[in-house]
Structure formats: structure tokens, C-alpha cells
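Okay, structure first, notes after.
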Number of protein chains: 2
Amino acid sequence: MSNPEASSRRPRRPTIRDVSRLSGVSHMTVSRVISTPDRVAPATRERVLEAITSLGYVPDRAAGSLSSRRSGFVALILPTLNNANFAIVARGLSEVLHRQAYQLLIAYDDYDLAAEESQLTQLLARRPEAIVLTGAVHRPGTVQKLAAAGVPVVEISDLPARPIQHAVGFSNEEVGRIAARYFIERGFAHIGAIGSRCVGDKGDYRGDTRLRGFEAELRAGGRSLDLVCRYGSAPVSFGHGAMAIGRLLDQNPDVDAVFAVSDLSAVGVVMECQRRGVLVPDDLSVMGFGDFEIGREINPALTTIHVDFYALGQRVGEHLTERALVDCNVDAVSLDVGLRIIERSSVKGKVR
Amino acid sequence: MSNPEASSRRPRRPTIRDVSRLSGVSHMTVSRVISTPDRVAPATRERVLEAITSLGYVPDRAAGSLSSRRSGFVALILPTLNNANFAIVARGLSEVLHRQAYQLLIAYDDYDLAAEESQLTQLLARRPEAIVLTGAVHRPGTVQKLAAAGVPVVEISDLPARPIQHAVGFSNEEVGRIAARYFIERGFAHIGAIGSRCVGDKGDYRGDTRLRGFEAELRAGGRSLDLVCRYGSAPVSFGHGAMAIGRLLDQNPDVDAVFAVSDLSAVGVVMECQRRGVLVPDDLSVMGFGDFEIGREINPALTTIHVDFYALGQRVGEHLTERALVDCNVDAVSLDVGLRIIERSSVKGKVR
DNA sequence: ATTCGCTATGTTACCGATCACTTAATAAGC
DNA sequence: GCTTATTAAGTGATCGGTAACATAGCGAAT
């Protein structure tokens with residue numbers, strides 16, 4: 001006869017009290033062995049550690065968090081997992097956090113501000129000790145929840161005019177301006193750009209900011225904005241660039257320089273040009289953003305604007321662990337990690 | 001004079017008892033409004049919900065987990081965040097899990113089995129209700145901890161000969177075999193392959209399995225294995241492919257077909273060939289694995305082996321939510337999501 | 001010798017939910 | 001009209017840790 005109780009019940013995991021019983025000390029001593037080992041006499045410590053390994057005891061952080069009111073993790077909301085630069089941010093951040101025994105909890109919202117808000121709601125229930133999220137544009141509900149959370153908030157990858165609290169990033173508008181100036185200074189006649197469209201809550205707002213910076217500089221230089229093309233929706237990638245440049249070339253075959261809001265699109269542009277027999281850079285100069293690896297590898301290699309995303313992630317981590325997480329009254333900080341043009345051969349006039 | 005106590009102490013977040021006091025019900029009724037709203041009278045429910053919003057109450061899941069012994073999340077350990085196919089697995093999985101109110105906790109180990117074990121240790125302290133990890137090769141300590149965790153374990157992206165428990169994936173060895181047969185059948189004379197090296201705990205064991213399958217089939221066809229090149233370390237990407245094919249071509253200029261363990265390397269191969277004036281596919285045929293978007297966009301487009309990683313993630317989620325998480329005595333399952341060759345123009349003989 | 005101070009360890013309450021019961025009130029059945 | 005279900009809400013214990021304080025033991029200082 002089977003015993004349904006015994007067979008369906010998982011064996012209970014050992015607790016700190018099981019360890020204490022086995023090692024003949026109080027549960028508090030076990031707790032000390034784990035969190036502050038050098039406050040326990042070496043002999044006792046050894047005995048407890050033996051009991052821990054023999055039972056396979058793993059402390060329950062949910063219980064620990066509840067008691068200590070410290071969850072031990074930081075929440076990160078990214079637009080997407082599948083982007084090398086965001087992945088690098090996550091790595092830089094998590095490396096720094098790990099050193100201080102914080103874990104990073106990563107969520108993503110697929111470039112949707114409504115999803116961002118609902119992810120935040122979920123995360124808040126886990127009581128993160130800090131919240132890192134991407135971009136300067138959020139729903140009002142998101143901003144309100146962030147304020148109510150009472151923990152440090154860091155916006156990354158842009159520098160909001162009015163940050164919620166801390167910000168670590170770079171000026172996306174300046175990215176667009178630099179790109180436009182670069183083309184204007186080199187005497188291009190028909191300067192275009194490609195990006196995606198933001199509709200309602202959905203879209204790549206930082207990409208759009210780059211595009212607006214580009215437009216602003218074109219306007220300042222007395223150029224037409226007709227060749228700035230917002231096509232499709234985020235995330236943009238190779239296929240997006242190919243489609244977008246196809247449309248642009250069909251309508252304006254005389255375009256001689258194009259800025260793509262992402263290297264990934266820019267690579268698509270180069271590929272589509274190859275297929276159409278449009279020579280890059282002789283017929284069309286191309287510039288991207290983000291310095292993705294693929295841009296270095298294609299032929300011609302892509303001129304782009306580089307941001308040190310690894311350092312960005314690290315800075316966020318350092319700011320949190322050294323300041324914001326230590327003293328919750330620390331002043332809000334905005335940190336610019338800067339930009340760097342990387343000239344390669346996809347723009348005419350630059351020889352390499 | 002400042003009051004250090006009041007200024008440095010964060011305002012305590014409202015608890016379920018604050019809500020109950022404000023709405024004049026017991027804390028248990030508040031709990032019911034949140035978890036089983038239709039077991040509460042509509043009028044009461046409304047009153048409680050009002051109190052919840054007016055206080056900005058967010059339930060504390062750490063407390064809930066402790067009490068209910070259900071953490072509400074599933075842990076996923078990936079080799080890296082920065083890989084489109086792993087990102088897609090995560091998406092498929094998290095979409096299914098979200099429908100059942102599970103959250104996905106993502107960790108990554110940079111292709112390092114020691115890091116995998118330490119990530120697992122961290123995760124275990126958060127009491128995941130299931131653990132999903134990549135690949136068939138793990139450290140003994142990892143396997144032992146998984147067994148002791150007493151929760152469903154799913155290995156993905158390969159089909160271990162002896163799975164720990166459940167497995168959802170495909171045969172990496174078969175991938176290599178298919179690639180080799182494809183080349184052999186088409187009459188190539190000097191067939192090579194490129195991948196990376198596994199050293200100690202570090203490396204791409206699935207990629208290496210593909211390479212071993214490739215070698216096995218070459219051997220079966222009486223071919224030499226001299227052109228199978230293990231170069232560098234995981235993760236492999238564009239630059240890896242370019243370097244590896246450079247070496248291979250330098251040493252064996254007569255190679256006429258090459259399989260790369262990843263499309264990303266394969267793209268690097270194509271790019272390096274362009275730079276060297278080696279024509280693809282006329283001089284060298286190239287085949288990849290993974291059907292990454294970039295492979296579709298380059299010229300010539302890349303022949304590859306496709307795995308439906310989105311479905312893979314979904315299957316894992318469905319298996320967990322429908323079976324393994326419901327009944328902890330469910331039989332271990334191995335599920336093959338299959339493979340599909342996608343013929344494009346990077347292999348000679350195939351016209352498109 | 002007494003006090004003080006320090007170290008190692010123990011005791012108890014508590015963090016904020018949910019579970020398992022209990023109770024009160026209302027509806028249904030005969 | 002009385003018993004029995006059924007529904008709505010409440011009570012108290014508990015999950016597994018940590019905080020805060022208490023205590024015992026022992027060497028150094030007075």
C-alpha cells in the first residue's frame with residue numbers, strides 16, 4: 001500500500017535549527033557562522049560547518065530578507081535581453097554588485113513602457129534594494145511607483161533633463177548631433193537617417209532621441225529633413241536596416257550619407273547596398289551607433305559612435321554600492337560616460 | 001538641528017495590517033483580496049482595494065514565500081546573456097511562466113562550469129521552484145546540489161545521455177553529423193570545421209559536441225580530421241570565425257567547405273573570405289548553426305541548421321507548469337525539438 | 001579582590017505574509 | 001421551524017531567518 005502523504009510530500013529542507021541541533025549549539029551561533037564567521041570560536045565554527053555540509057544546509061534568503069529587511073538584490077529592467085550592449089551593461093553592473101554580495105535581478109520589457117511598469121510592479125514585490133532602468137521616458141505610474149519604493153533609482157543609457165533620481169548614461173541627442181555634423185563637415189549633399197517609430201508606449205525612445213538630435217543639427221545646418229526615415233518598430237536589427245534603406249533608396253536614389261540609430265541597422269544597410277550594387281562608401285556613406293562587434297567585421301568596416309557600456313554598468317554598480325545603497329540621503333547624481341567616434345571605412349573621405 | 005534617526009530611516013513600507021486597519025477588516029481578508037478575490041464579498045473587496053491603492057501597498061513576496069513555501073519563481077542559468085538564441089529561449093520560457101504567475105530569474109555563467117555552480121548556489125538560497133540550466137555537462141557539485149534541491153530540474157539545449165531529470169533540447173552531435181554528411185554528399189574534397197576549445201571547466205560544451213559529431217561523421221566517411229580546428233575559447237563570435245578561418249586557410253589553402261559551430265563564427269568566416277578574396281561559395285562553402293538573423297542578411301546568405309529556440313523555451317515552460325511543478329513525482333521527460341537545415345547560398349551547388 | 005571589559009554564546013521577539021481552523025451569518029432542505 | 005450547508009470573515013500559529021539584548025566566563029586593570 002502506498003502512503004500518499006509521504007510520497008507526495010517533498011522532504012523538508014534543513015533549517016538553521018536542524019544544523020544547531022546537530023552541532024549542539026544555538027541556532028543563533030549557526031547564523032553567526034554564516035554571516036560573521038570570525039565572531040565564532042574556531043572550534044565551534046568547524047563543528048557547525050561540518051553539520052552544514054553534512055546536512056546540505058542552504059540558508060533561506062527569503063527568511064533572511066524578511067528578518068533583516070535586506071533583500072540583497074538590485075533590479076535591472078532592460079528593453080531587451082538580446083542586445084550586446086545591454087548585456088555588457090548587465091555584466092559590468094553585476095560584477096560590481098557581486099563583490100558586495102548583491103545579486104542582480106534582470107527583467108526586460110521589449111521596448112514597451114506598459115510592460116516596464118508591470119515588470120516593475122512584479123519586482124517591487126521582491127523588495128529590491130535599488131532599481132536600475134533604461135531610458136528617460138516612463139509612464140507616470142512607473143515614476144510614482146519608483147518614488148514610493150523608497151530605494152535608489154538609476155536611469156541608464158540616457159541623461160534625462162529631469163532625472164527621477166540618479167542617472168548614468170550619455171546624451172543620445174548629442175549622438176545624433178555628432179553624426180549629423182560629421183556628415184555636414186565632410187560635405188555630403190543628401191544626408192539621411194534611419195530609425196524606428198515610437199507609437200504609444202512602444203518604441204525605442206533613446207533611438208528616437210538620437211534621430212531628433214540628428215534632425216536638430218540638420219536643421220541648424222540648413223539641410224532638409226526629408227531623408228530622415230522612421231520605419232518599423234523597435235528593436236531594430238539587420239533586417240530593419242535593409243528594409244529601411246531599400247525604401248529610402250527607392251524614393252531618394254541621390255542620398256549619399258545615412259546615419260542609422262544602431263549599428264545593427266547600419267549593417268543591414270551595408271548588406272542591402274551590396275545586393276543593390278550601391279557601393280559603400282563611394283555611393284553611400286554609412287554611420288552607425290553602438291560599436292557592435294559585427295560593425296568591425298563587415299566590409300567595409302562601419303564608422304560608428306562608441307559608448308563604453310561596460311564602464312557604464314560598472315559606474316552604476318559603484319555608485320550604488322559606494323554611495324546610494326549606503327546612505328539613502330545621498331544627492332542625486334548624473335554621470336556622463338561620454339561618446340567617441342570610431343572612424344572606419346564606411347564613410348567616404350576617411351581612408352584606413 | 002537635524003534628527004539623524006528620522007532622516008536616515010526610510011519610511012516603513014505599508015504592510016497587510018496597515019491595509020486591514022484602514023479598511024476595517026482583518027489582515028486575513030486583505031490577504032484574500034489579493035490572492036483569492038472572489039472569496040471576498042464585493043463590497044468588502046472594494047473597500048480593501050481602495051485602502052491598498054491609497055496606501056500604495058505592495059505585498060512582500062519574501063514574507064509570502066516564507067509562509068507558503070512557494071517562492072513563485074523559476075531559475076534559468078544560461079551561458080551568456082548576449083546570444084540571440086538564448087535570449088529567445090528565455091523569452092519563450094518567461095512568457096509561459098508569466099501566465100501561471102511565475103517569475104523567471106535569469107543568471108549566466110560565461111561558459112564556466114565553476115561559475116555555473118556558484119550561480120546555482122546563490123539561486124538555491126532563493127528557493128526556486130524549478131531550475132533550468134543549459135547543457136549536459138556539469139560539475140559533480142552542481143549535480144549533487146540539484147538533487148538536494150528537491151525541485152524539478154530541466155537541462156536545455158542538448159539531450160544528455162543520462163539527464164539529471166528532464167531535458168528539452170536537440171542533439172548537438174546530430175547537428176555536427178548532419179553538417180558533415182551535407183558536405184560529403186555534395187562531394188567536397190577538403191572538409192573542415194571551426195569551433196572553440198574547452199579547457200577545464202570553461203568552454204562551450206555543446207559547440208564541442210557538434211564538432212565531435214562532425215568528426216565522427218567525417219571518420220565514418222573515411223575523411224581526414226586534420227581540417228577540424230579548435231581555436232580560442234567561448235563565446236565564439238564574428239571575430240573568432242575570422243581568426244579561425246584565417247589560420248585554417250593559411251595552413252590548408254585547399255579547404256573547400258567549412259562548418260562553423262555557430263552562425264556568428266560562420267559570418268566571420270564569410271567576412272574574412274571577402275577580405276582575402278576567397279569567394280564564398282565558389283572557393284569555399286560555409287555552413288553555420290543557429291540560424292541567427294545576421295546569417296540571413298549577409299551576402300551570400302548563410303546555409304545553416306535551425307533550431308526553434310522559442311518553442312524550446314515554451315516547451316520547458318509548459319512541461320513545468322503543466323506537469324513537473326504540479327506533481328513532483330512526474331516521470332522524467334526528454335523532449336527533442338528537432339533540427340532543420342536551411343539551405344541558402346553559402347554552399348556551392350545550392351542555387352537560390 | 002573587585003570591577004571592568006571583552007569575547008563567545010544563548011534567549012526571545014519579530015519581520016510580513018499564509019495556513020489551518022474557528023466562528024458568525026445567511027441560505028437551503030426537509 | 002429546525003437542522004445542515006455554504007459563504008464570509010476572523011484568530012492564532014507558523015515559515016526560517018536576524019536583531020537586540022542578556023549572560024557566562026575569563027583576563028587585565030585598579
Side-chain angles (χ1 to χ4, degrees), chain A residues 5 9-49 51-52 55-73 101 124-127 129 150, chain B residues 5 9-49 51-52 55-73 101 124-127 129 150:
Chain A
E5 258 208 328
R9 188 157 50 198
R10 306 208 152 107
R12 197 176 56 79
R13 307 205 62 181
T15 74
I16 205 164
R17 281 158 227 266
D18 296 322
V19 176
S20 76
R21 224 163 302 151
L22 183 61
S23 46
V25 297
S26 76
H27 71 278
M28 202 53 225
T29 299
V30 178
S31 175
R32 289 194 186 98
V33 168
I34 291 160
S35 48
T36 50
D38 30 66
R39 299 182 68 80
V40 176
T44 318
R45 192 196 310 149
E46 285 315 308
R47 202 144 33 89
V48 171
L49 287 172
I52 286 177
L55 288 173
Y57 167 72
V58 178
D60 184 329
R61 298 218 48 175
S65 309
L66 183 60
S67 175
S68 66
R69 299 142 165 279
R70 298 209 33 226
S71 65
F73 68 76
L124 250 23
R126 309 259 181 206
R127 299 286 187 267
E129 294 185 47
Chain B
E5 256 207 329
R9 188 154 53 198
R10 312 209 145 103
R12 197 175 57 77
R13 305 206 63 181
T15 74
I16 206 165
R17 278 161 227 265
D18 296 321
V19 176
S20 76
R21 225 164 302 150
L22 183 62
S23 48
V25 297
S26 75
H27 70 277
M28 201 52 224
T29 300
V30 178
S31 176
R32 287 194 188 98
V33 167
I34 290 160
S35 49
T36 52
D38 31 66
R39 299 182 68 81
V40 177
T44 318
R45 193 196 310 149
E46 286 313 309
R47 200 144 35 90
V48 171
L49 287 173
I52 287 177
L55 288 173
Y57 168 71
V58 178
D60 184 329
R61 299 216 49 174
S65 310
L66 182 60
S67 173
S68 66
R69 296 142 168 280
R70 297 205 37 225
S71 66
F73 67 76
L124 250 23
R126 308 257 180 207
R127 298 287 187 268
E129 294 185 47

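Naming convention: chains lettered A, B, ... in sequence-line order (proteins, then strands); numbering from 1 in each chain. Predicted, not measured: the structure shown is a model, and the values here were computed from it.
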Could you tell me whether a side-chain N or O of [X] sits under 3.5 Å from a main-chain N or O of [Y], the two making a donor and an acceptor?
X        : Y         : answer
Ser71(B) : Arg127(B) : yes
Ser67(B) : Ala63(B)  : no
Arg61(B) : Arg126(A) : no
Arg45(B) : Pro37(B)  : yes

Compare side-chain N and O positions of Thr29(A) against OP1 and OP2 of dG10(C) and report whether any pair is under 4.0 Å apart. yes
State whether Thr44(B) places a side-chain N or O below 4.0 Å from either non-bridging phosphate oxygen (OP1 or OP2) of dA9(D). yes
Which angle, to the nearest 10 degrees, lies between the helix axes at the two ends of the helix from dA1(C)-dT30(D) to dC30(C)-dG1(D), each defined by five pairs? 40°
Least distance between heavy atoms, Pro14(A) atom then Leu55(A) atom: CG-O, 3.5 Å
Show your reasoning for whether side chain to side chain contact (heavy atoms under 4.5 Å, CB included) applies to Asp60(B) and Thr15(B). CA-CA 8 Å; Asp60(B) 184 329; Thr15(B) 74; over 6 Å; no
Quick one: what's the B/S/- string for nucleotides 13-23 of chain C, heavy-atom cutoff under 4.0 Å, read 5' to 3'? --BBBBB----
Applying side chain to side chain donor-acceptor pair (under 3.5 Å) to Arg17(A) and not counting sequence neighbours gives none
Tell me the interatomic distance from Leu55(A), atom CG, to dG16(D), atom P, rounded to whole angstroms. 14 Å
